[in-house]
Chemist: 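Here's a structure for you.
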Amino acid sequence: MATSKSNDRLSYGITILIFGVLFLLDKLHVLDKIPYGNKLIGVGMFFLIAGIVFLVTQPKKVLGWIFLGVGILLNADTFFGWMSSYSSLIVPLGLIIAGIAMVLTAKKKD
């Protein structure tokens with residue numbers, strides 16, 4: 001039990017530290033000088049970073065894979081150039097699919 005809490009603290013701490021460094025670099029306009037630096041600040045990139053950190057630091061990888069999947073979906077136009085015209089539809093469709101899956105797999109109380 002103690003190991004799980006320390007792994008959680010480590011994962012969240014590293015993630016928050018990276019976000020803080022990125023925000024500081026953005027406020028100091030350092031990211032403006034880096035190619036694709038403007039892509040490093042955004043919700044999609046935060047999910048990607050959190051996913052990578054959680055995959056590396058957590059023994060249970062489920063949350064890391066979820067964060068990574070959400071990050072890839074939110075950055076679909078970056079990863080998959082042909083999807084740039086459909087990228088605005090990915091999040092709503094993903095939410096609809098996740099909602100349907102949750103409804104269909106919900107256990108009913110008797």
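In what follows, residues are counted from 1 in the order of the sequence shown.
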Chemist: List the atom of Ala50, the atom of Thr15, and the distance in Å for their closest heavy-atom pair.
Modeler: CB-CG2, 3.8 Å
Chemist: Drop me the distance from Phe47's CZ to Ile66's CD1, to the nearest 0.5 angstrom.
Modeler: 10.5 Å
Chemist: Look up atom CG in Leu17 and atom CG in Leu10, then write down how far apart they are to the nearest 0.5 Å.
Modeler: 10.5 Å
Chemist: Within this structure, what is the CD1-OG1 distance for the pair Ile52 and Thr57, rounded to the nearest 0.5 Å?
Modeler: 11.5 Å
Chemist: Nearest 0.5 Å, what's the CD1-NZ distance between Ile41 and Lys27?
Modeler: 8.5 Å
Chemist: What about the rings of Phe46 and Phe67, do their centers lie closer together than 6.0 Å?
Modeler: no
Chemist: Which residue is it: Asp26, Leu24, Ile18? I am looking for the one with a side-chain contact (heavy atoms from CB on, under 4.5 Å) to Leu22.
Modeler: Ile18
Chemist: Leu28, Phe23: one ILVMFWY side-chain cluster at the under-4.5 Å cut-off?
Modeler: yes
Chemist: Less than 4.5 Å apart, side chain to side chain, heavy atoms only: is that true for Trp65 and Val62?
Modeler: no
Chemist: Could you go step by step and tell me if Tyr12 and Phe54 meet the side-chain contact (heavy atoms from CB on, under 4.5 Å) rule?
Modeler: CA-CA 8 Å; Tyr12 288 114; Phe54 275 72; 3.4 Å; yes
Chemist: In terms of hydrophobic clusters joined by side-chain contacts under 4.5 Å, are Val53 and Val21 together?
Modeler: yes
Chemist: Out of curiosity, does Leu25 fall in the hydrophobic cluster containing Ile16 (side-chain heavy atoms, cut-off under 4.5 Å, transitive links)?
Modeler: no
